[in-house]
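Worksheet: the structure to be examined is printed underneath.
Letters go in sequence order (proteins before strands), and every chain restarts at 1.
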Protein chains: 2
Amino acid sequence: MSNATPSRPTSRDVARRAGVSQATVSLVLRERWRGRVSPARAAAVREAVRELGYRPNLAARTLRLGRGRTALVVVPALTNEFFARMHAGAVRVAAEHDVGVVLYSPPTGIGRAADPFASAGATLDGVLASSMAAEALAALSGDGMPLVMLDSEPGDGAAATVNPDIATGMRLVVRHLLDLGHRRFAHIAADVPSWTFGVRARVLADELATVPGARLVTTERAPIDVTGGLLAAERALADAHRPTALVCDDDLQAAGACKAARRLGIRIPDDLSVTGFDDLAVATAVEPELTTVSLPAEELGAAGMRALLAALAGERGGTTVLPVTLTPRGSTAPPPPAGGRTNAPAP
Amino acid sequence: MSNATPSRPTSRDVARRAGVSQATVSLVLRERWRGRVSPARAAAVREAVRELGYRPNLAARTLRLGRGRTALVVVPALTNEFFARMHAGAVRVAAEHDVGVVLYSPPTGIGRAADPFASAGATLDGVLASSMAAEALAALSGDGMPLVMLDSEPGDGAAATVNPDIATGMRLVVRHLLDLGHRRFAHIAADVPSWTFGVRARVLADELATVPGARLVTTERAPIDVTGGLLAAERALADAHRPTALVCDDDLQAAGACKAARRLGIRIPDDLSVTGFDDLAVATAVEPELTTVSLPAEELGAAGMRALLAALAGERGGTTVLPVTLTPRGSTAPPPPAGGRTNAPAP
DNA sequence: CAGCGGGCGTTATACGTAAAACTTCCTGGG
DNA sequence: CCCAGGAAGTTTTACGTATAACGCCCGCTG
């Protein structure tokens, strides 16, 4: 177990053991030996590799090849379940292709974009970035490093973009509520600038504009957490012309909104309908369960990584849009009878 | 934008530009120039570095030095909020010390431990592993790679171990319930083998044993999610001799348990007390909010990374235990008056 | 004045791998 | 019989960095 040399075996050690030259070992291991090395020797090399437990030194390989097999994944916040799931999908695909993943999560929002590249530097082959601002692109595209954007504004700098069909998701939510009879809406919006939230706000407004009498009473910006949703809902419901439907940008906010309503004695879904977004674990943890939009988070990350691998291989991909579905649950229902009026006549 | 040579500048390019040799550049950049390079030349080198936007090639540096500045972090499942927060803490500390982080999350539970080392190989300097089985140690300790365990059984193979004070956490939960008057308990336990869950079960049993009349009616194993907790609670509450307190290993399970109870017409906390563990976001999303144990997840990851950095520097650390706190909320209360009897008299 | 040590720099080499360039041997066709 | 050409290897070199080993020059001292 403990030899004189506890250091890792090199390809030269393998060569010595197999009785061949180091070059031959390299040829065999790189599967470049068709018509270059006899099958018998190749087998001997592989046997020696097995016996010594040899693993190629990645630093040396990367140095020699000019590129490694490592992708940088940038996510704003891993503690957000959606990003975590996206990341899991990306890591899974990367692992399948024997590509390592280095994670970068900006300490304070989307800020200093140069840092991760300084630390992971030349060993990186590509970048998979989620929900990032455009200025971060500049630092990268100049380096000729393939960049795939996830959940972001499709732009020129990226080799490819993979997005969930947010527009359709929000459209389904609004239609669902309109079909139930709702006309007075409030939007609890995420307080961070991001493509996905921009789309949600725009589609919400657009859809309401197509229905006479329907209107957006108020938009409240809030952090993406339970407390944020709670406080925002309190503000939204304080309005005399109270909305009957609360459209939230996130399930956590929706859960908070439900708490706020209950504290005000407003029943869900009888008096107020609430919708979330993303279909996180919390959506089925609360009561009533949240009507929400299910996003294929894992598949999004997986597709993003596949696009990045394709880009590394030279292919140039466009924008991929993944389908989303509306998942109706218990937090939405027709508005109360007086839903159309301000002062409700008692039945 | 597009030069003849789009490739990264090397230290030789910097040397040429500054009118010095490549060795001098290296000396300046490594801060090894005290009495070796004149301040004027050093400044010139730094100027050239700035102008060219030079970044050292990490692969070459790693190859030369025999070690890099990269740590492997192994977590069972990033989509678990607790692990995500732990990981965030570890990444933060690593970034502060200019150390890169490679993430490995086993595709299927805690399984093949050799894989990540194959893919990240020789460039790794140390490993920070969470909730891993002991056999994974073997593959590593032999390589002489420092290993720090998080949230795991303190063992010999690791350079250091950092754990939350799970025993105290569970003790606080049980005392809290006992003080409220509960005597019939059920345990909804995580169905994965892990140090932390073993401790919880043991402490729960031990504490109940110290109080005459107190007993554990049943232990139900369940996956760590809402549905798992829901189904387990249904089983636990089907018992004729129904428990008055449900101790869950995780907040998600506790949330599911609350749903199950409500479906059975059991009020929380009036008829049944439920406790969670970890203090995840869901704990305050549900109603009533969950009484739970707050674990310092970020700090755990941060302390683990600090221990790993210390180990890389040659220091040998022991076991660090981080304090936890009980966070009482609305899901616990004294048992109903008939709590001691099986057939409750209708009031 | 010769020697010599210290400040300032350069040249040369090693890390482990990949692959181009080269050598050797063998077979078959003209 | 001789040579083209391919199979089967080996030798050599390059990747970019860090540092050991080596000069050179200047001022100081015996």
Please set out all donor-acceptor pairs under 3.5 angstrom arising from side-chain atoms of residues 72-82 of chain B, sequence neighbours excluded.
| residue | atom | partner | partner atom | Å |
| --- | --- | --- | --- | --- |
| N80(B) | OD1 | F82(B) | N | 2.8 |
| E81(B) | OE1 | A281(B) | N | 3.2 |
| E81(B) | OE2 | A281(B) | N | 3.1 |

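Summary for the helix from dC1(C)-dG30(D) to dG30(C)-dC1(D): the axes at its two ends, each from 5 pairs, differ by 80° when rounded to the nearest 10 degrees.
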Query raised in the report: Quick one: what's the B/S/- string for nucleotides 8-14 of chain C, heavy-atom cutoff under 4.0 Å, read 5' to 3'?
Result: BBBB--B

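Between R61(A) and dG16(C), a side-chain N or O to OP1/OP2 separation shorter than 4.0 Å is absent. In this model, the phosphate group of dA18(D) is approached by a side-chain N or O of S26(B) to a distance below 4.0 Å at OP1 or OP2.
Not counting sequence neighbours, the partners of R16(A) by the salt bridge (charged side-chain N to carboxylate O under 4.0 Å, His left out) test are D13(A). Among residues two or more places apart in sequence or in another chain, the side chain to side chain donor-acceptor pair (under 3.5 Å) test is passed with R34(B) by none. For the side chain to side chain contact (heavy atoms under 4.5 Å, CB included) test, residues two or more places apart in sequence or in another chain that qualify with V91(A) are H87(A), V101(A). Evaluation of the side chain to side chain donor-acceptor pair (under 3.5 Å) rule for T161(B) yields no partner, not counting sequence neighbours. Under the rule for a salt bridge (charged side-chain N to carboxylate O under 4.0 Å, His left out), E315(B) has no partner lying at least two apart in sequence or in another chain. For R17(B), the salt bridge (charged side-chain N to carboxylate O under 4.0 Å, His left out) partners at least two apart in sequence or on another chain are E51(B).
Comparing dG16(C), dT17(D), dT19(D) by their closest approach to the side chain of R32(B) singles out dT19(D).
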Protein-nucleotides 25-29 of chain D N/O pairs closer than 3.5 Å?
none

List, with names and distances, any nitrogen or oxygen atoms from the protein found under 3.5 Å away from nitrogen or oxygen atoms belonging to nucleotides 24-29 of chain C.
none

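Among pairs with a residue in residues 297-312 of chain A, those fulfilling salt bridge (Lys or Arg N to Asp or Glu O under 4.0 Å) read R85(A)-E298(A), E299(A)-R306(A), at least two apart in sequence or across chains.
Among the heavy atoms of the strands lying under 4.0 Å from R30(A) are primed sugar atoms or P, OP1, OP2 only; no base atom is included.
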